[in-house]
Structure formats: C-alpha cells, structure tokens
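Report on the structure given below.
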Amino acid sequence: MIKKFLFSAAMLLAAACLYGKDYTVSSPDGNLNLTISTGKTTTWSLEVRGKKVMEGGRIAMKLLDGRVLGDNVKVRKARNDSATESIESPLYRQRSFTARYNSLTLSIKGDYAIEARAYDDGVAYRIVTDFKKPFAVRDETVEYSFNGNFDMFVPFVEMRSDRYESSFESCYTRLRIGDRSGDMGTAGTFTPEPGNLVFTPVYVSLGEAGRLLIMESDVEDYPGLFLVRTKTGFKGEFPPLPRTYAPNSRGVQRQTGVYDYIAEASGRRCFPWRAVGYGKEDKDLPTNNMVYQLAAPNRIGDVSWITPGLSTWDWWNAFRFHGVDFEGGINTASYKYDVDFAVRYGLQYIILDEGWYNTRTLDVMNPIPDVDLPEICRYAASKGIKVILWISSGLLDGQLEKICSHYSRMGVAGFKVDFFDAQDQATVAQAYRIAETAARYHLILDYHGFYKPTGLSRTYPNVVNYEGVFGLEQLKWMQDLSADMPRNDVIIPFIRQAAGQLDYTQGALRNATKSAFRAVNDRPMSQGTRAHQVALYMVFDSPFAMLCDSPSDYLREPETTGYIASIPTVFEHSRVLQGRIGEYIVTAREKGGRWYVGGITDWTARDLTLDLGFLPRGRSYTAKVFCDGMNAAYVATDYKLEKQTVTSADKMEFKLAPGGGFAVIFE
C-alpha cells in the first residue's frame with residue numbers, strides 16, 4: 001500500500017514537472033502581471049497593482065482534425081524579452097508615441113507557440129502556429145474569469161434572425177459581473193436577455209485597483225470575437241465561416257449556410273491578440289493604445305496623400321435646402337451647392353450618400369440621370385474640394401478593381417462603405433481586401449455598418465474612420481427618450497473610442513432639451529445643447545468628421561459654423577483632463593501650438609473647473625470660448641461665444657446645462 005502511494009505521488013510529481021508550470025510577464029512599471037499556467041489545460045491570470053483580479057480563464061484552440069492547442073502542453077522553450085517601439089500614427093489621436101513592453105514566448109511541442117505582452121496600459125496574448133500545411137479552426141476558447149463582482153458597461157447585440165449579424169451600434173448596459181440583468185444605463189431599444197451576445201470593448205471597474213477594457217487587436221483573416229456572459233465574467237463565441245450566400249436588396253451578400261468551423265488558416269500564422277486594456281482611472285481609458293500598438297504596422301508606405309478633414313453630409317438632413325434658386329435633392333445643383341459651402345468654410349470634402357446610383361438596379365457604374373458625377377468631380381476639383389461616394393460593401397467588393405479604377409480616374413477621393421453588418425472570417429477578409437485595393441488607387445475609406453476597430457487603421461491608414469457606434473443618426477427615428485444621447489456621449493470615449501476612431505456624425509443645429517426632443521426623420525434634432533454638439537469635435541477621435549446638418553442651416557449660423565470649421569480633425573497630442581464614465585468628460589488636444597479643449601456632461605447640470613496648467617508656461621493665450629448660454633437649460637440652442645486672455649496659471653469656470661458642454665480654442 002505504501003509502495004503504491006509513493007509510486008502514485010512520484011507520477012504526479014513527474015506530471016507536474018512535465019506539464020504544470022507558471023510563466024509570468026510583467027509590465028515595465030510593474031503594475032500588471034500576466035501569468036500563463038500550463039498543464040492538462042492552459043489558463044491565464046491577471047494581477048493588477050498587487051491584486052489578482054482574473055484567473056482560470058482557458059486558452060485553447062480546437063482544430064478540425066481533433067487537435068487542441070493549449071491542452072496537455074509541453075513547453076520546449078520559454079523566452080522573456082523586452083522592447084521599445086516608436087510608432088508613427090499620423091491619423092491617430094496623437095502623431096506618434098512610444099510603446100514599451102515586456103514579452104513572453106512559450107514554444108510548445110506541436111509546432112505552435114503562445115505569445116504574451118505586458119505594457120503599462122494593458123496585457124495581451126495570442127496563439128502562433130508554424131504548421132507545414134493549412135488547417136481549419138473549429139473553435140477558439142477565450143475566457144475572462146474575474147475574482148469579484150465588479151461593475152461593467154456592456155454593449156449587447158440585438159437579436160436578429162442571424163445571431164451573428166449586427167451593425168455594432170448598440171448602447172451600453174451597466175451591470176455587475178454575474179448579474180443576469182442591469183439598468184439600461186444609456187440609450188436602449190431592447191432589454192438584453194441572458195442569451196444576447198456581447199461585443200468588445202467591454203468596461204470593467206476594479207474599484208481602487210483601476211479600470212479594464214476587454215479588447216482584441218490585429219484581427220486579420222479570422223472572425224471577430226463575441227462574448228457570452230458567465231457567472232464569473234465572459235467566454236468567447238465566434239461566428240462560423242459562411243458557406244453559401246444570397247444578396248439582399250442593397251447587393252450585400254448575406255450568409256444562408258455555414259461550415260461547422262470558424263476559420264480556415266495557413267499553416268504559419270499569428271492569430272488575433274486577446275487584449276485587456278488598463279487605466280488607473282476612467283480618464284486614462286480614452287487614450288489607451290493597446291489596440292493600435294498591437295496591430296500590424298503600416299503596409300501602404302507613404303500616407304501624405306491621405307487628407308483628414310471635415311465633410312458635408314446629405315443623409316442626416318434629408319437633402320433639405322432653403323433660400324436657394326434650385327430644387328434640393330439628390331442632384332447636381334445640390335452637390336455643387338455643397339461644394340460652394342465647403343469652400344466658404346474651409347471644409348475638405350463633400351459626401352454623396354445613398355441615392356446617387358439607382359438603388360433598385362444597383363448599377364454603381366452609372367449614376368442616376370439627375371447626378372452628373374463627372375461634372376460634380378470637375379467642379380469640386382476646381383475649388384479644391386474632394387468627393388466621397390457612399391456604396392454598399394457587397395457592390396464595391398463585387399467589382400472592386402473596376403470601381404476603384406473608374407472612380408479614382410474620375411477624381412473621386414474615396415468611399416463611405418456601408419452594411420458590412422458581420423465579423424465572420426469572410427467579412428473581415430473583405431474589409432482588408434477593400435482597404436488594400438483602395439490604397440493602391442489612393443482612395444480613402446470610411447467604414448459604416450462595421451464592427452469595432454481592431455487595428456486596421458494602423459495597417460491600412462487609408463481607412464480613416466469607422467462607425468460601429470450608437471451615433472447621432474439614431475435620433476432620426478427613436479420616438480422616445482430611451483435614446484439617452486447625452487449619457488451615451490459620455491460613455492463612448494471611455495470604451496468604444498479606446499479601440500479607435502469613430503464616425504458619430506455630430507454637428508446638429510436643431511438642439512433640444514429632454515422635454516422638447518422629438519424624433520423627426522426629415523428635420524432631425526439632437527438631444528442636449530448647441531455647445532455639447534460643438535464640443536464633440538474635440539471630445540471624439542474623428543480624423544474624417546461630418547457636419548451633419550444642411551449647408552443652408554449652417555449658412556444662417558455663421559458663428560457656430562465658423563467655430564466648428566476652425567477645429568482640426570487630427571492632432572499631435574491628446575489627453576483627458578477630467579472625466580467619469582457615464583457622467584462627464586473634458587478632453588484637451590494640441591496641434592501646431594494651439595490647444596483645443598472640449599467638455600460635455602450627461603443630463604445632469606454640472607459646474608466644472610478647468611485648470612490651465614496643461615498649457616506651456618511663460619505664454620499668454622487668447623481663449624476663444626463656445627459654451628452654454630444662460631438659458632441653455634430651457635432653450636438648448638442658447639450659447640455664448642467670447643474671448644479671454646489667459647495663462648497656464650489660470651483656471652476657468654464653466655456652468656454646463658443639462659446635456660450641455662463647452663469648447664475652448666487656446667491660441
């Protein structure tokens with residue numbers, strides 16, 4: 001009996017030595033420790049500032065041939081390293097930045113590896129294969145298991161007939177880990193059920209230990225990650241690879257049948273990074289760099305031809321013009337009027353949104369008779385204005401080379417590509433394919449109906465913006481105040497914006513208090529004040545941003561229009577000075593020695609003090625202030641525009657109305 005016990009103990013000890021071992025990588029500042037534990041299964045844990053906040057989440061990838069990467073692991077070699085990377089990011093929230101990280105690479109028997117990195121602003125791991133032959137991935141196990149009932153903000157996917165179809169424009173629900181329901185927090189059109197999928201990023205508050213964002217990066221030729229709630233956090237779920245398709249009314253191919261696996265892969269490849277962003281406080285999250293710094297570097301080389309800037313947008317205002325001598329609509333005269341307006345205020349672009357080609361025949365090579373596109377492009381070029389065309393993703397991809405060649409020769413500067421509405425492997429591959437082809441023709445892209453950013457804009461900087469956000473357009477049709485836009489606006493920067501830039505389409509001139517708001521499709525209004533709308537141009541990351549209202553309306557509001565047009569869309573530095581998720585935010589950005597500061601609040605009236613210590617010392621500045629007027633709480637269009645002389649030693653006081661805001665340009 002004793003011999004049998006000793007023999008069993010020896011076998012267990014040998015197995016532990018062979019399989020069971022912990023490998024840790026720490027952030028350069030020592031605040032984050034990511035540990036990967038190998039054995040019969042592979043799991044990971046995260047320690048934040050000395051507190052273990054996550055543990056026991058499995059790392060595994062099941063292949064179609066039955067192999068399971070991450071199970072019964074035999075580590076051949078473990079290597080720790082460190083690196084410093086200088087990243088040029090010309091269309092990002094800052095012109096360049098330095099990324100420092102420590103890394104861990106576990107080379108595993110079976111020709112694959114697990115790589116991990118720890119930055120000061122987050123940690124990440126991924127699987128890397130070195131197989132000789134292509135293979136298929138049946139599923140990947142991704143788990144986030146927390147050691148506490150932490151607060152979260154979660155974007156749920158609204159149920160459709162296809163579980164994985166989504167425009168990724170959801171609001172955020174506030175709840176705790178393990179809860180099966182939550183208060184609907186910001187805007188919402190449905191109540192999430194336990195089976196609803198979640199998409200990333202997801203916000204988790206650790207209390208005094210800090211804040212986390214569940215994210216992913218470098219998702220190329222692989223499906224995007226959905227999440228399902230568990231008792232301790234989340235587990236991953238991936239859309240299967242489509243097998244058969246049928247076109248919808250917009251010419252977009254929708255899957256009608258799928259394979260029993262999620263991806264096909266080449267033998268040698270890196271899979272997406274499973275990342276967790278970190279910030280000590282809420283205000284650290286909007287400038288978190290995890291998604292961008294983990295993505296594959298620029299593949300198109302010179303980006304000097306890519307012009308950021310502001311654009312007109314016809315769809316929000318339903319082509320409504322007034323005070324003109326032509327009939328407004330989708331026609332040549334209207335777009336020439338847009339060009340003249342853009343010239344007057346120094347905008348860079350005009351957009352021709354849905355309707356410039358026949359939406360029944362879907363012939364994108366021949367605009368409707370009322371739109372003389374060659375003449376519009378010629379007229380715009382003569383005035384120094386660039387033209388963007390809206391197009392559905394399926395129609396563009398179906399004739400990709402032909403369309404890009406034809407319209408680039410005509411003088412079109414790029415496309416607003418819409419209705420991807422998925423993140424399966426085929427859709428992700430489509431997004432990269434369109435980006436690569438467009439870049440060869442020097443065409444920029446604004447992706448709409450698109451999944452959250454996962455670093456594509458670093459790899460293909462001609463993808464200048466993304467939707468994937470509960471944006472202003474929702475107010476065209478939401479009939480009640482379930483669309484709580486001011487609160488939504490002070491959640492977005494802390495979660496969605498951390499992943500990358502967003503096309504929210506701000507700039508509404510018809511501004512409404514909570515009691516006065518109505519959904520009017522043809523003459524839409526915003527919730528909150530005029531100053532709130534102006535401040536969004538400084539709060540949100542939008543290298544390519546809209547002026548959503550009619551040029552006719554902007555021409556009658558020269559103070560507001562001139563102020564908006566004077567705000568750049570890209571900056572050299574960005575930082576959040578103050579903020580609390582779901583309540584308020586104050587963001588400062590710098591370009592060419594000028595500082596631009598925007599602040600917004602939810603429906604709570606708020607007094608904010610702006611300490612100007614962020615300004616360089618030894619200089620005086622002219623502060624051009626656009627803020628809520630005395631009566632903005634009752635008349636949301638009320639604003640005040642004034643100038644002050646200030647220095648870095650000064651403080652400025654602002655009274656924000658419900659749904660209010662302020663903007664300051666320091667020269």
For this session: Taking the side chain as every heavy atom from C-beta outward, state whether M215 and N288 have any atom pair closer than 4.5 Å.
Result: yes
message: Suppose we call two aromatic rings close when their centres sit under 6.0 Å apart. Are Y451 and F199 close by that rule?
response: no
### Message
Check this for me: does any side-chain nitrogen of one of K62 and D139 sit under 4.0 Å from a carboxylate oxygen of the other?
### Response
no
Partner of Y466 under ring pair (Phe, Tyr, Trp, His ring centres under 6.0 Å), picked from F420, F450, Y504, is F450
Exercise for review: Could you tell me whether the side chain of M538 reaches within less than 4.5 Å of the side chain of T587, counting heavy atoms only?
Suggested key: no
Q.
For S166 and E158, which I'm curious about, is there any donor-acceptor pair between the side chains at under 3.5 Å?
A. no
Under the side-chain hydrogen bond (donor to acceptor under 3.5 Å, both in side chains) rule, what do Q255 and D424 come out as? Steps first, then yes or no, please.
-> CA-CA 10 Å; Q255 67 88 5; D424 53 67; over 6 Å; no
**Asked** Okay, side chain of T454, backbone of S217: is any donor-acceptor separation there less than 3.5 Å?
**Response** no
Exercise. Give a yes or no answer on whether the side chain of T569 reaches the backbone of P308 with a donor-acceptor pair at less than 3.5 Å.
Key: no
Kindly determine whether V228 and V198 satisfy side-chain contact (heavy atoms from CB on, under 4.5 Å), including the steps that lead there. CA-CA 6 Å; V228 178; V198 170; over 6 Å; no
When every non-hydrogen atom of N289 is compared with those of R93, the smallest separation belongs to OD1-NH1, 3.8 Å
Test item: I114 and I59 side chains (from C-beta on) under 4.5 Å apart, heavy atoms = yes
Distance col, row Y584:OH vs D602:CG, nearest 0.5 angstrom, shows 11.0 Å
Looking only at side-chain N and O atoms, does D282 offer a donor or acceptor that is under 3.5 Å from a partner on Y203? yes
Do the side chain of Q348 and the main chain of L310 share a donor and acceptor less than 3.5 angstrom apart? yes
In D353, D503, D421, D418, the residue satisfying side-chain hydrogen bond (donor to acceptor under 3.5 Å, both in side chains) with H448 is D503
Closest non-hydrogen contact found for M478 with Q474 is CG-O, 3.0 Å
Sequence neighbours excluded, the answer for ring-ring contact (aromatic ring centres under 6.0 Å, His included) partners of W315 is W313
Shortest non-hydrogen pair, A508 vs L472, comes out as CB-CD2, 4.1 Å
State whether Y101 and R117 meet the cation-pi test: NZ (Lys) or CZ (Arg) under 6.0 Å from the six-membered ring centroid, and within 45° of the perpendicular axis. yes
- Task: Taking the side chain as every heavy atom from C-beta outward, state whether L536 and D489 have any atom pair closer than 4.5 Å.
- Result: yes
So salt bridge (charged side-chain N to carboxylate O under 4.0 Å, His left out) across residues 493-502, not counting sequence neighbours, yields none
ask   = Below 4.5 Å, heavy atoms only, C-beta onward: do I300 and N462 meet side chain to side chain?
value = yes
Within 45 degrees of the ring normal and closer than 6.0 Å to the centroid, is that where the cationic atom of R243 sits relative to Y259? yes
Contacts of D284 meeting side chain to side chain donor-acceptor pair (under 3.5 Å) (sequence neighbours excluded), chain-then-number -> none
Salt bridge present between E436 and R299 (N-O < 4.0 angstrom): no
Can you tell me if K280 has over 12 outside heavy atoms packed within less than 6.0 Å of its NZ? yes
(Q) Between E115 and R274, does any NZ, NE, NH1 or NH2 come within less than 4.0 Å of an OD or OE carboxylate oxygen? (A) no
Scanning both residues in full, the closest heavy-atom pair of E473 with W316 reads CA-CZ3, 3.9 Å
Electrostatic pair E264-R138, nearest N-O below 4.0 angstrom
no
Fill in: Side-chain heavy atoms of R229 within contact of F156, under 4.5 Å
yes
Heavy-atom donor-acceptor pair, E467 side chain to G449 backbone, under 3.5 Å: yes
Any chance you could lay out the side-chain contact (heavy atoms from CB on, under 4.5 Å) test for D314 and T312, step after step, and finish with the verdict?
CA-CA 7 Å; D314 49 18; T312 62; over 6 Å; no
query: Are R269 and E220 close enough for a salt bridge, meaning some N to O gap below 4.0 Å?
result: no
So, is the end of the R95 side chain (NZ or CZ) under 6.0 Å from the ring centre of Y92 and within 45° of the ring's axis? no
Show your working on side-chain hydrogen bond (donor to acceptor under 3.5 Å, both in side chains) between Y164 and E237 and close with a plain yes or no.
-> CA-CA 10 Å; Y164 303 106; E237 184 171 324; 2.7 Å; yes
* Close side-chain approach of L212 to V202, heavy-atom, < 4.5 Å -> no
- Query: Is the shortest heavy-atom distance from the side chain of V137 to the side chain of F271 under 4.5 Å?
  - Reply: yes
Evaluation steps, side-chain contact (heavy atoms from CB on, under 4.5 Å), between V490 and I600
CA-CA 7 Å; V490 289; I600 57 173; 3.6 Å; yes
Has Q527 got a side-chain atom pairing as donor or acceptor with M485's backbone, closer than 3.5 angstrom? yes
- Going through the checks in order, is the side-chain contact (heavy atoms from CB on, under 4.5 Å) test met by L285 and I495? CA-CA 7 Å; L285 297 181; I495 306 177; over 6 Å; no
Subject >> Side-chain donor or acceptor of R176 paired with backbone N/O of N149 under 3.5 Å >> reply: yes
* Asked: Just checking, is any N or O donor in the side chain of Q293 or D121 under 3.5 Å from an acceptor N or O on the other one?
  -> yes
| Taking Y596 for the side chain and Y537 for the main chain, is one N or O donor matched with an acceptor at less than 3.5 Å? | no
Q) With a 3.5 Å cut-off and no angle check, do the side chains of N147 and E55 form a donor-acceptor pair? A) yes
field: E572 bridged to R589 by N-O distance under 4.0 Å
entry: no
(message) One thing to verify: whether D120 and R100 come together as a salt bridge, which I'm taking to mean a side-chain N less than 4.0 angstrom from a carboxylate O.
(response) yes
| query | Strictly by modelled atom types, are S145 and E143 linked by a side-chain donor-acceptor pair under 3.5 Å? | reply | no
Are D218 and R458 within salt-bridge range, i.e. N to O under 4.0 Å? no
Scanning both residues in full, the closest heavy-atom pair of M152 with V204 reads CG-CG2, 4.0 Å
